[in-house]
Amino acid sequence: MLNIVNKTKYKDFERFYPLLDEYYKKTLKTLKLKDKYVLSLIITGPRTIKNINRDYRNIDKVTDVISFALLDSGDNEEYDGYIELGDIFINRNRVLSQAREYGHSTKREFVFLFIHGLLHLLGYDHMNPKDEKIMFTLQKKIIGDLK
């Protein structure tokens with residue numbers, strides 16, 4: 001179950017919410033996981049994500065996406081049969097600028113950052129070349145030819 005909270009004044013990404021749910025389910029299917037999770041996506045601005053990055057990661061700069069995985073910490077709880085995965089924070093401004101920079105749609109960049117964060121919640125990482133290859137291959141497989 002995906003909960004989405006928009007902490008910005010902009011409503012332009014709301015049209016993508018059903019698509020995020022679709023790609024969430026596609027991710028679980030690709031990984032052969034049951035839909036037994038609950039997670040939150042928080043859409044925020046650059047100041048908030050910079051503060052989160054500084055306070056929790058000791059990196060004092062703006063970023064595009066941050067995930068807080070509860071499975072890693074062992075703090076996850078079960079609610080009505082659902083396991084809480086954690087939270088994904090996406091910087092709305094970075095979605096827009098990176099879509100322009102990479103030459104693809106806002107929709108694709110938003111979905112990409114969501115999938116990236118979701119894979120982190122599910123235990124994937126890219127801290128070394130082997131893990132990066134696994135995670136990035138999965139991202140490409142899940143996103144496919146989304147424009």
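Quick caveat, the model's predicted, so the values are computed rather than measured.
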Looking at Ile42, Leu39, Ile66, which hits side-chain contact (heavy atoms from CB on, under 4.5 Å) with Ile88?
-> Leu39

Among Ile143, Val95, Leu19, Asp145, the one residue meeting side-chain contact (heavy atoms from CB on, under 4.5 Å) with Arg108 | Ile143

Given side chains that start at C-beta, do those of [X] and [Y] come closer than 4.5 Å, heavy atoms only?
X: Glu132; Y: Met127; value: no
X: Lys7; Y: Ile43; value: no
X: Leu113; Y: Gln98; value: yes
X: Arg54; Y: Ile59; value: no
X: Leu85; Y: Val38; value: no
X: Phe16; Y: Phe114; value: no
X: Tyr124; Y: Ile134; value: yes
X: Val111; Y: Leu20; value: yes

Greater than 12 external heavy atoms within 6.0 Å of [X]'s [atom1]:
X: Lys34; atom1: NZ; answer: no
X: Arg47; atom1: CZ; answer: no
X: Tyr10; atom1: OH; answer: no

Passing option when Arg92 is tested against Asp12, Thr106, Asp64, Thr48 for side-chain hydrogen bond (donor to acceptor under 3.5 Å, both in side chains) | Asp12

Smallest separation among heavy atoms of [X] and [Y], with atom names:
X: Val62; Y: Arg94; answer: O-NH2, 3.4 Å
X: Lys147; Y: Ser105; answer: O-OG, 2.7 Å
X: His120; Y: Ala69; answer: O-CB, 4.1 Å
X: Ser67; Y: Leu121; answer: CB-CD2, 3.9 Å
X: Met1; Y: Tyr24; answer: N-OH, 3.4 Å
X: Gly86; Y: Leu70; answer: CA-CG, 3.9 Å

With a 6.0 Å cut-off on ring centres, are Phe13 and Phe110 close enough?
-> yes

With a 6.0 Å cut-off on ring centres, are Tyr37 and Tyr82 close enough?
-> no

Tell me if a side-chain donor or acceptor on [X] pairs with a main-chain N or O of [Y] at a distance below 3.5 Å.
X: Asp131; Y: Asp125; result: no
X: Asn91; Y: Ile49; result: no
X: Lys26; Y: Ile142; result: yes

